[in-house]
Amino acid sequence: MPRSHHDTSVDSLLVDLTEPQRAAVTHTDGPLLVLAGAGSGKTRVITRRAAYLAATVARPHQVVAITFTNKAANEMRDRILALGAGAGMTVCTFHSLCARLLRMHHDRADLAPNYTIFDQDDRRSLVKQAVRACELDPRNWRSGHVESAISAAKNEMLDPRAFAEQARGWVDKTIAGIYEVYERLLAEQQGLDFDDLLLRLARLLQDDDELRERLEERFRYVLIDEYQDTNNAQYAIAHLLTRERKNLCATGDPDQSIYGWRGANIGNILRFEQDHPDAEVVRLEQNYRSTRRILAAAGRLISANVNRKDKELWTENAEGAQVRVVDCDDAAAEAGYVAAGIAEALAAGRQPCEIAIFYRINALSLAPELALRRAGIAYQIARGQAFYGRKEIKDLLAYVRVLVNPADAVSLRRVVNVPARGIGKTTLARLEQAAVEGGRTLYEVIMDPEARRIAGRSAEKVNRFAELLASLQPLVDSPPSEALTEVFTRSGLRACLLDEEKADEVPTENVENLIAEAHKFETAEPEGTLTRWLEETSLLGDVDTVDESAGAVTLMTLHAAKGLEFPVVYVIGLEDGLLPFRRDEDTPTDLEEERRLCFVGMTRAMEELTLTHARYRLRRGQELRNVASPFLDELPEDEIEWLEEGEDPPTRRGSRAGPPDEAPSINPAQWRPGTLVYHQEHGVGRVQLLHPGSLNRALVVFEGGDAENFILEYADLTRMDPDELD
DNA sequence: CTACCGGATTTTTTT
DNA sequence: AATCCGGTAG
């Protein structure tokens, strides 16, 4: 390639950058900290810099860029490729980098090559097992607390012994015991939990100088995004990988640190300059994303944080509309307001993918979902985990996991009697006992014709199960989609689902979608093994499933929203106790982190931002009076427009424009006592009583004798003509 | 061994 | 409200 051509392409990487952006991009060797405010073009800088490195001082494969989510990684990879440099660059999340390196160097890490990644559920079940093994009452040692204690310990890079040593009270000492057993169980099953992925790689790099040097040689330039949300293990990895060359580029924003609760250490970014006295520091404070008013509101909010480096974002963007703050009666009214506003925006020409709804907790998605459905507006929820958490999906995955890693007893136990094949608790307990006594895995015991006699009357059933497993085993070398399809049929899962399908064909569809996903994986990675696919699947995050091209409004938690942007944003549930969140009176809240979370949500908005609050909200089944979030009082009045729901809501002002409009308005005349209705779950019923009001409520009694109160505007009730009966 | 019932606990946020 | 667990009955 002629030299001049080369130079032009490098120039084109710089030509449209501002001075600080260019400084960040062209800094090649030595530590670099990019303090990038929200919307300051950080991704642009990272991608340009990666491409610049690959075009000047490094080969693409010597650059590794680490992001927070897979979605961010994919986008970044695409953008770098689009710049014409960087095929072969490593762009991935911390977790997937760790998973891959540990797999590659399993021998040095003292791991089985086919180790499996244990997710939250698996971890829970192992913790429970550990609690039982310690002869503690599972009711007093609720897994939630123990799990987070163990996770915290791992984030601090404390092994069970170190944890026991620093344990103060009796509670911690007991947890140390559980931790130890948990680790043993995990090791027996060749499993690593999410925290282990980081911890084990950090330890490996610490202990194995030769490997560390090899990896340093390979990854000469390390870029880490969202550095404010790294935990101690990630911090250690970052520094171990850059020990000789110090080519560590960290980008982030202390004001967007929102993962303290899972061990993220905001100190990592605040200390960067002390860690690296020779570091170049670039500040990006011009915002290209939001209108002036949105930025002013968000900036005022975040300035209320005391523990904070002062920083002022500015923009040359238009002033824009005022930020709307809306008081609503209850969650339904709030959702109705949001849905109506969205309908109007769509009517005005907005695309659905330009609109997002954020909330503090997942439970808040329910009301908006309902309202959007009633309004005929397509939406998607960023909740990838939920899909993989489905029963039928987990069951199928468990079979596949057993193929990949027969030592995985959590999965084996899950499938041993799914579909029901007459191997119950007693039999399983006997088999497990035999396993413990013989120092073998549960799988080995099941497969061993001798030991199987232990099963007594159920021996024949265990026999057949063993044969099934043996016959499935060869599928481990098949392409993932094929393995899944075969397992689905031969395990009897498919028949079982079809059997139950009478009313519900969704589970089968879900499995089909899973297989389709596997197909996609094979296309992208033709050499991809089942093991790799499983790995990728277990490391999928919630945001990773959102699809801009889906033509749908996006709903997600504030945490998931980090790094994204939308022209139109609604943040709902701005109530004291919800945002800022308060679990209960004696669990302290990190108010500053909550405020940063709110800040993150607000700064996702490019043009229109609406914050809503409901005076009454259902919490744990009870309706509670809620006070508006103190954060709302911290906003600058000039930039805010306060609205009462119903005062001048953006309801049908162009009444016929917009999508099929079955919006939350019903004709009360169509409803009277005696009206026949159909409900998905309860079947056919008859309206008994009506309570008209701003929302029409109705008491419905169903054929089965069930009686339910519904809000007609939102309930999934279909009116029936009398002659439709029978 | 399965099926069902009542009580307890849950979710705050996630790779 | 919904799920999950343990216990009991069949």
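First the proteins, then the strands, lettered A, B, ... as listed; each starts at 1.
Closest to the side chain of H559(A), out of dT15(B), dT11(B), dT13(B), is dT13(B).
Relative orientation of the Y235(A) and Y227(A) rings is tilted, given thresholds of 30° and 60° on the angle between their planes. Ring pair W261(A)/H559(A) is perpendicular by interplanar angle, where above 60° counts as perpendicular and below 30° as parallel.
Donor-acceptor pairing under 3.5 Å is lacking for the side chains of Y115(A) and D196(A).
Closest heavy-atom contact between L248(A) and H239(A): CD2-NE2, 4.0 Å.
Between the CG atom of L578(A) and the C1' atom of dT11(B) there is a distance of 12 Å, rounded to whole Å. Nucleotide dC1(B) holds its P atom 7 Å from the CZ atom of R430(A), rounded to whole Å. Protein atom CD1 of I117(A) is 10 Å distant from nucleotide atom C1' of dT15(B), rounded to whole Å. Rounding to whole angstrom units, CD of residue E147(A) and P of dT14(B) are separated by 15 Å. To the nearest angstrom, C1' of dT13(B) lies 16 Å from CG of L555(A). A straight line from CZ of F581(A) to C1' of dT14(B) spans 15 Å, rounded to a whole angstrom. What separates CG of D122(A) from P of dT15(B) is a distance of 16 Å, to the nearest Å. The separation between D193(A) atom CG and dT14(B) atom C1' is 13 Å, rounded to whole Å.
Summarising the geometry, atom CZ belonging to F599(A) is positioned 8.0 Å from atom CZ belonging to R604(A); distances are rounded to the nearest 0.5 Å. In this structure, CZ in R595(A) is found 10.0 Å from CG in D590(A), a value given to the nearest 0.5 Å.
A cation-pi arrangement is present between R401(A) and F118(A), with the terminal nitrogen or guanidinium carbon under 6.0 Å from the aromatic centre and inside a 45° cone about the axis.
Between T557(A) and dT14(B) there is a side-chain N or O to OP1 or OP2 distance below 4.0 Å. Between N362(A) and dT13(B) there is a side-chain polar atom (N or O) within less than 4.0 angstrom of OP1 or OP2.
Rounded to the nearest Å, the gap between the P atom of dT13(B) and that of dC4(C) is 16 Å.
The side chain to side chain donor-acceptor pair (under 3.5 Å) search around S151(A) returns D195(A), not counting sequence neighbours. The side chain to side chain donor-acceptor pair (under 3.5 Å) check on N232(A) picks up E156(A), N265(A), with sequence neighbours excluded. Applying the side chain to side chain contact (heavy atoms under 4.5 Å, CB included) rule to N626(A) yields the partners E575(A), R617(A), L624(A); only residues at least two apart in sequence or on another chain are considered.
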R582(A)/D576(A) under salt bridge (Lys or Arg N to Asp or Glu O under 4.0 Å): CA gap, chis, key distance, verdict: CA-CA 8 Å; R582(A) 210 177 308 104; D576(A) 195 29; 2.9 Å; yes
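Between L428(A) and Q120(A), the residue whose closest nucleotide on DNA chain B is further toward the 5' end is L428(A). Along DNA chain B, the nucleotide closest to R583(A) and the one closest to L198(A) are compared, and the more 5′ of them pairs with R583(A).
Among the atoms of the strands shown, none is found under 4.0 Å from any heavy atom of D119(A). Counting non-hydrogen atoms under 4.0 angstrom, F94(A) reaches nothing in the nucleic acid. T427(A) comes within 4.0 angstrom of sugar-phosphate atoms only, judged by non-hydrogen atoms across all strands, and of no base. Across all strands, T426(A) comes closer than 4.0 Å only to sugar-phosphate atoms, never to a base (heavy-atom distances).
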For nucleotides 1-5 of chain C, list the nitrogen or oxygen atoms of the protein found under 3.5 Å from its nitrogen or oxygen atoms, one pair per line.
{"from": "dC5(C)", "atom 1": "OP1", "to": "K128(A)", "atom 2": "NZ", "distance (Å)": "2.8"}

Filtered N/O pairs between nucleotides 2-7 of chain B and protein, under 3.5 Å:
{"from": "dT2(B)", "atom 1": "OP1", "to": "N417(A)", "atom 2": "ND2", "distance (Å)": "3.3"}
{"from": "dT2(B)", "atom 1": "OP1", "to": "G422(A)", "atom 2": "N", "distance (Å)": "3.4"}

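Residues L223(A) and M76(A) have side chains not in contact (no heavy-atom distance under 4.5 Å, counting atoms from C-beta outward). A heavy-atom distance below 4.5 Å is found between the side chains of L197(A) and L539(A).
Of the residues in residues 258-268 of chain A, those lying under 4.0 Å from DNA chain B by heavy-atom distance are Y259(A), W261(A), R262(A).
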